[in-house]
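Read through the structure below, which is laid out as structure tokens, and then see the notes.
Numbers for residues simply follow the sequence, beginning at 1. In listed order, ligands and their atoms are each counted from 1.
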Amino acid sequence: MSILVLNGPNLSRLGKREPEVYGDRTLDDINRELAESFPAVSFEFFQSEDEGLLLEKLFHIEDKGGYNGVVLNAGALTHYSVALRDAISAITLPVVEVHLSNIYAREEFRHKSVISAVCVGVISGFGANSYHLGVRALMDIVRNNQL
Ligand code: DQA
């Protein structure tokens, strides 16, 4: 099983950035813990501040083949990027939307996700565990051939 864990803008700052909201783990910590927790999964980890690079990454893994799905924390792009939404629609791989914080318990502008409707599901509010739950959801989908 091969999974891309894709992180968008500002997630490179985890550990330093608003720890009361996002916790004290760095993105490297989170990625390492994922690899340790799911030894049977082959992970690729990619983060960018650049929307276009995230889109290109999605197209690249779709075209390359061999991947089973994507766990995506799109950061603020979640709330406004129609380009990201269209890119998710344009690929056939299942994408699970994850957030560290509970976006529905925060500012109103975060309550709207423009990508949720084209993702297979959303996990929000469980801190770093959101990524683990996202991987588990993806593994179940792939195993049960639900898509
Ligand atoms: C986030 C929530 C977004 O609203 C925010 O812009 C982020 C992080 C989260 O993981 O909780 O950058 O996606």
Identify every side-chain donor-acceptor pair in residues 38-48 under 3.5 Å, counting partners at least two apart or on other chains, and give the distances.
{"from": "E44", "atom 1": "OE1", "to": "Y67", "atom 2": "OH", "distance (Å)": "2.3"}
{"from": "E44", "atom 1": "OE2", "to": "K57", "atom 2": "NZ", "distance (Å)": "2.4"}
{"from": "Q47", "atom 1": "NE2", "to": "G8", "atom 2": "O", "distance (Å)": "3.1"}
{"from": "Q47", "atom 1": "NE2", "to": "E49", "atom 2": "OE1", "distance (Å)": "3.4"}
{"from": "Q47", "atom 1": "NE2", "to": "E49", "atom 2": "OE2", "distance (Å)": "3.2"}
{"from": "S48", "atom 1": "OG", "to": "D50", "atom 2": "N", "distance (Å)": "2.9"}

Sidechain-backbone polar pair: N68 side chain, S2 backbone, donor-acceptor under 3.5 Å: yes
Atom indices of ligand 1, in the order listed, that fall short of 4.0 Å to a heavy atom of H79: 3 (C), 4 (O)
For N73, atoms of ligand 1 separated by under 4.0 Å from a heavy atom: 1 (C), 9 (C), 10 (O), 13 (O)
Distance-only N or O hit between ligand 1 and H99, under 3.5 Å: yes
Ligand 1 contacted by R17 (non-hydrogen, < 4.0 Å): yes
Ligand-side contact atoms (ligand 1) for residue partner S101, heavy atom cut-off under 4.0 Å: 2 (C), 9 (C), 11 (O)
Distance from atom 5 (C) of ligand 1 to nearest protein heavy atom, with residue and atom: R110 NH1, 3.3 Å
Main-chain N/O of V114 paired with H79 side-chain donor or acceptor, under 3.5 Å: no
Protein contact of atom 9 (C) of ligand 1 - nearest heavy atom, named by residue and atom, plus distance: L100 N, 3.4 Å
Spatial distance of atom CG (L138) from atom CD1 (I3) [nearest 0.5 Å]: 4.5 Å
T78 to ligand 1, any heavy atom closer than 4.0 Å: no
Straight-line distance of Y104 OH to S124 OG, nearest 0.5 Å: 6.5 Å
